[in-house]
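The next block holds one structure in the form of structure tokens; read it before the comments.
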Amino acid sequence: MSKIIINADIKKGEINKNIYGNFAEHLGRCIYGGFWVGKDSDIPNVNGIRKDVVEALRELKIPVLRWPGGCFAEEYHWMDGVGDYEKRPKIINVHWGGTVENNHFGTHEFLELCEMLGAQPYICGNVSSGEVREMKEWVEYMTFDGLSPMSELRIANGREKPWRVPYFGVGNENWGNGGNMRPEYYGDIFRKYGTYVRNYGDNKVFKIACGPNADDYNWTDKVMKIAGPFMDGLSLHYYTIPGDFFKGKGSATIFDETEWFTTMKKALYMDQLITKHSAIMDKYDPDKRVALIVDEWGTWFDAEPGTNPGFLYQQNTIRDALVAGINFNIFHDHCERVKMANIAQAINVLQAVILTEDSKMILTPTYHVFNMYKVHQDAQLLSFEIKTSDYECSEEKIPKITATASMSSEGKINISFCNLSPLDDEDILCELRGENKTKLKGSILTAENMNDYNSFEEPNKVAPVKIDDVNINNNKFKLLIPKMSVVTVTLE
Ligand code: AHR
């Protein structure tokens, strides 16, 4: 039996809705076949963008979408992707399978997609194979309202009014594929390139620096020291990989309890990473002006057998749903510093929320977690105390239940729980202090087996079930959190 006391009168900060962001890279079938099918496709689309995925993502209230990479961003030259389709050059997508990139999805298409989704664009610029002038002109092309060579080009290409581009990343993984830079060098690169990411009119750009890979604390320290005052955000990339990145990450669908446990443990590690990076940031930025932006996170398994290994296509089980819930609970806990997160990636790549196969589309267990947690967007994080039993496996233990609680602007209290054990259900006694609520409803996402997933043949195998109106007496209630489940309840 676990116990949780929610202190509804102690608010710990706002959960920025951008924590529920997504990421779309020119990788495998994320853009082509995922978002984009082209105007002549039989698959229903608006100007080439799939209608079904837009509708599904609108339901999630995706607040922000990162593009065009990832590694691809550091090879991308934006001029290739504007103007007449027939004249756009075909390039090789060297990072991801060596496929031909025809540049049909470019700046206009991405920004139009964001408008359809109601999501804010977060564009990642190229600082390793691209020049300062190129980045400067891209920002001018998209956001300048007056007359200039770039705004005239934009107008000639069919867009009269500038777009708003609130978020701009100055490089991606510059410690690795993005130029193999040292943090001292990157710190200066950020200062130089960032200078030319200009604010035109009232388009104020939030500039995000390339942050560390997982536990590279030295990177955070040096970059904050050199470039901290010039940036608005610092990114962090961390993937949950049960195996070894190079020797075998593990299968997305065929795994035993030990691999399940390792996955949970490695997902929980996000808390330590954020805590330690935040402590370093505090040294240079005690007022927490600079946000930590976890702009790549999620599971990374071996690609599905029979698929192009460079496409990073993986299935998505109830285990992925738990990884999503665990991460959201952690991001909420750190809402003072973590202002955005972007799961990798939206469609058909890594821990996708949507999978497509030609005209078919399915929603993954991860999609359902995003949907269940959207009630926390922009809500006030509430303080709580939890006592939970351990989940033990191979003489190691982790907490069985992780949780989060928030109050929405209408005064509803939303609580989410993750039961990390694939073996045992858990009763939890809940007590609400500082508020009176009399009714509870919600939903539960679980599965029969720990490797259950939604396939094109069985698209609803893992889907949430509703908890109907339940009366609450004296602000106390008991919930059963099934094994391997994510649960969200709303108290009114
Ligand atoms: O998301 C896949 C890749 O992972 C991204 O392109 C890169 O930034 C990271 O290494």
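All ligand and atom numbering here is 1-based and tracks the order in the structure.
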Salt bridge or not for [X] and [Y], using N-O below 4.0 Å?
{"X": "E55", "Y": "K51", "answer": "no"}
{"X": "R88", "Y": "D80", "answer": "no"}
{"X": "D285", "Y": "R337", "answer": "yes"}
{"X": "R50", "Y": "D52", "answer": "yes"}
{"X": "R159", "Y": "E115", "answer": "yes"}

(request) For ligand 1, find out whether one of its N or O atoms is nearer than 3.5 Å to an N or O atom of C71. (result)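 Yes, there is a polar N/O contact under 3.5 Å.
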
Indicate, with yes or no, if the rings of [X] and [Y] have centres closer together than 6.0 Å.
{"X": "F230", "Y": "F190", "result": "no"}
{"X": "H26", "Y": "F35", "result": "no"}
{"X": "F370", "Y": "F328", "result": "yes"}
{"X": "H277", "Y": "W219", "result": "no"}

Backbone, side chain, both or neither: what part of [X] comes under 4.0 angstrom of ligand 1, heavy atoms only?
{"X": "W297", "result": "neither"}
{"X": "E296", "result": "side chain"}
{"X": "V349", "result": "neither"}
{"X": "N177", "result": "neither"}
{"X": "F245", "result": "neither"}
{"X": "F23", "result": "side chain"}

Suppose I only count heavy atoms of [X] and a 4.0 Å limit; which atoms of ligand 1 are within that range?
{"X": "L350", "answer": "1 (O), 2 (C)"}
{"X": "W96", "answer": "3 (C), 6 (O)"}
{"X": "N172", "answer": "8 (O)"}
{"X": "Q345", "answer": "1 (O), 2 (C)"}

(request) Name the closest protein heavy atom to atom 1 (O) of ligand 1, giving the residue it belongs to and the distance to 0.1 Å. (result)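 Going by distance alone, atom 1 (O) of ligand 1 is nearest to Y239 OH, 2.7 Å.
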
(request) Please report which non-hydrogen protein atom sits nearest to atom 10 (O) of ligand 1, along with the residue it belongs to and the distance in Å to one decimal place. (result)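 Its nearest protein heavy-atom neighbour is E173 OE1, 2.7 Å.
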
(message) With the threshold set at under 4.0 angstrom, would you say W300 reaches ligand 1 through any of its heavy atoms?
(response)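 W300: in contact with ligand 1 (<4.0 Å).
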
